[in-house]
Protein chains: 2
Amino acid sequence: MGLTKTEIFTDEQNRLAVMLKALAHPARIAILQQIINANACICGDLSIELGLAQATISQHLKELKTAGLIQGTIEGVSVCYCIEPKNWELLKQQLNSFLNLVDVKANCC
Amino acid sequence: MGLTKTEIFTDEQNRLAVMLKALAHPARIAILQQIINANACICGDLSIELGLAQATISQHLKELKTAGLIQGTIEGVSVCYCIEPKNWELLKQQLNSFLNLVDVKANCC
DNA sequence: ACTATTAATCGTAATATTGCGATATAATAA
DNA sequence: TTATTATATCGCAATATTACGATTAATAGT
């Protein structure tokens with residue numbers, strides 16, 4: 001096997017998993033932090049700042065983009081990446097309602 | 001290659017990535033929802049309810065446990081799994097401060 | 001047109017994940 | 001002790017991810 005059985009889960013579970021998977025790598029977390037904080041939205045700059053090869057950063061950026069977490073705008077020779085606000089908001093909401101399901105006081109064991 | 005370069009990232013980035021990775025699978029999201037909502041904390045029950053083999057569920061439970069998101073208590077022949085409140089709270093905080101970094105109005109492009 | 005600059009893609013090797021049947025382990029009950 | 005029940009682990013095949021060098025494509029400047 002080795003293939004996730006997406007068909008047995010709800011769309012919401014699958015969608016949330018996809019976004020979380022895109023987040024679930026230290027390099028991609030670092031990339032997002034750079035994009036947000038330092039306004040370093042250029043692939044080459046990120047490559048230098050994070051110490052990963054340009055091809056690697058480009059691949060991570062693609063994953064973040066595919067998951068809908070960032071968007072890219074062509075600026076001359078380079079591309080400026082920034083947060084995709086709509087999906088970011090969606091992720092925040094879905095995660096919040098998921099994480100807040102837990103009532104810390106009521107544990108079953 | 002094929003090995004994540006954890007040494008070039010901060011502890012916080014790595015720790016957050018580990019917890020998110022544990023969350024980033026529809027089966028594990030479903031398991032957590034079951035544990036939280038339906039109080040179905042038994043491996044066998046989860047196997048029946050989710051439609052995945054017992055070995056598969058056990059593996060997912062192990063991953064959730066290793067990431068610190070759940071804890072298991074032996075109850076006779078079976079094991080009752082429930083949320084690990086401390087780490088759950090930690091995840092909530094770390095995620096919140098990360099997701100709230102974004103100022104939706106100020107996009108660089 | 002030519003050159004420099006930047007990002008994307010290709011190809012590849014190493015490693016990790018996913019899912020399951022089969023088996024092993026542990027605790028309870030008879 | 002033996003049987004029963006429930007979970008964990010092993011072994012495996014299929015698939016996915018990670019990282020990077022090399023190459024390609026696209027734009028800007030001369």
Side-chain angles (χ1 to χ4, degrees), chain A residues 1-9 13-14 17-31 34-35 40-67 70-82 109, chain B residues 1-9 13-14 17-31 34-35 40-67 70-82 109:
Chain A
M1 320 258 132
L3 183 61
T4 301
K5 286 184 158 183
T6 52
E7 70 277 6
I8 68 173
F9 305 108
Q13 287 166 338
N14 285 317
V18 165
M19 287 195 285
L20 287 173
K21 201 171 172 188
L23 271 190
H25 192 284
R28 292 194 287 271
I29 292 176
I31 287 172
Q34 284 287 335
I35 288 180
C41 52
I42 309 295
C43 176
D45 294 353
L46 290 166
S47 172
I48 292 162
E49 275 154 21
L50 300 187
L52 286 170
Q54 179 264 320
T56 307
I57 298 289
S58 182
Q59 213 169 270
H60 282 307
L61 286 169
K62 192 184 179 182
E63 277 180 78
L64 289 169
K65 200 177 168 189
T66 303
I70 62 174
Q71 63 193 163
T73 314
I74 297 170
E75 291 219 334
V77 194
S78 46
V79 178
C80 178
Y81 285 100
C82 62
C109 48
Chain B
M1 320 263 130
L3 182 60
T4 301
K5 288 184 157 182
T6 52
E7 69 277 6
I8 68 172
F9 305 109
Q13 287 167 338
N14 285 316
V18 164
M19 286 194 286
L20 287 173
K21 202 171 171 187
L23 272 190
H25 192 285
R28 292 195 285 274
I29 292 176
I31 287 172
Q34 284 286 338
I35 288 180
C41 51
I42 308 294
C43 176
D45 294 354
L46 290 166
S47 173
I48 292 163
E49 275 154 21
L50 300 187
L52 285 170
Q54 179 265 322
T56 307
I57 298 287
S58 182
Q59 214 168 271
H60 282 307
L61 286 169
K62 191 183 179 183
E63 277 180 78
L64 289 169
K65 199 177 168 190
T66 302
I70 61 173
Q71 64 193 161
T73 315
I74 297 171
E75 291 218 334
V77 194
S78 46
V79 178
C80 177
Y81 284 101
C82 62
C109 47

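Proteins get letters first, then strands, A, B, ... in listed order; numbering begins at 1 in each.
The 5' end of DNA chain D is approached more closely, in terms of each residue's nearest nucleotide, by B:Leu61 than by the other of B:Leu61 and A:Gly51. Comparing B:Ala55 and A:Ser78 against DNA chain C, the residue whose closest nucleotide sits nearer the 5' end is A:Ser78. Toward the 5′ end of DNA chain C lies the nearest nucleotide of A:Val79, the other residue of the pair B:Ala53 and A:Val79 mapping further downstream.
Nearest heavy atom pair, residue B:Ile35 against residue B:Leu61, reads CD1-CD2, 4.5 Å. Heavy atoms only, all atoms of each residue included: A:Ser47 and A:Leu52 are closest at OG-O, 2.7 Å.
Taking atom CD1 of residue B:Ile31 and atom P of nucleotide C:dT18, one finds them 11 Å apart after rounding to whole Å. Rounded to an integer number of Å, the gap from NE2 of B:His60 to C1' of D:dT7 is 16 Å. One atom, CD1 of A:Ile57, and another, P of C:dT6, lie 15 Å apart when rounded to the nearest Å. Between A:Ile48 atom CD1 and C:dT6 atom C1' there is a gap of 11 Å when expressed in whole angstrom units. Put simply, CG on A:Asn14 is 13 Å from P on C:dT18, counting in whole angstrom units. Summarising the geometry, the separation between CZ on A:Phe9 and P on C:dT18 is reported as 11 Å, rounded to the nearest angstrom. As rounded to whole Å, 20 Å separates atom P of D:dT5 from atom CD1 of B:Ile74. Going from atom NZ of B:Lys62 over to atom P of C:dA16 covers 14 Å, rounded to whole Å.
No engagement by A:Lys65 is indicated, since no non-hydrogen atom pair under 4.0 Å with the nucleic acid exists. Among the heavy atoms of the strands lying under 4.0 Å from A:Gln54 is at least one base atom, whether or not backbone atoms are also near. Counting any heavy atom pair closer than 4.0 Å across all strands shown, B:Thr56 reaches a base atom. When heavy atoms are screened at a 4.0 angstrom cut-off, A:Thr4 is found touching the sugar-phosphate backbone but no base atom.
Contact between the side-chain N/O atoms of B:Lys21 and the OP1/OP2 oxygens of D:dT17 is not found at any separation under 4.0 Å. At least one side-chain nitrogen or oxygen of A:Tyr81 sits closer than 4.0 Å to the OP1 or OP2 atom of C:dA8. Here B:His25 does not reach the OP1 or OP2 of D:dT17: none of its side-chain N or O atoms lies under 4.0 Å away.
Closest to the side chain of B:Glu63, out of D:dG21, D:dT27, C:dT18, is C:dT18. Comparing atom distances between the A:Leu52 side chain and each of D:dC20, C:dT17, C:dT6 picks out D:dC20 as nearest. In the set D:dA26, C:dG19, D:dA19, the nucleotide with an atom closest to the side chain of B:Lys5 is D:dA19.
For D:dC10, its base never sits under 3.5 Å from the side chain of B:Gln59 at any donor and acceptor pair.
The aromatic rings of B:His25 and A:Phe9 lie perpendicular to each other, with more than 60° between the two planes, well past the 30° mark.
Side-chain atoms of A:Ser58 and A:Cys43, non-hydrogen and from C-beta on, do get closer than 4.5 Å to each other.
Distance alone, capped at 3.5 Å, is enough to place a donor-acceptor pair between the A:Thr66 side chain and the A:Lys62 backbone.
The CD1 atom of B:Ile48 sits 10.5 Å away from the CD atom of B:Gln54 when rounded to the nearest 0.5 Å.
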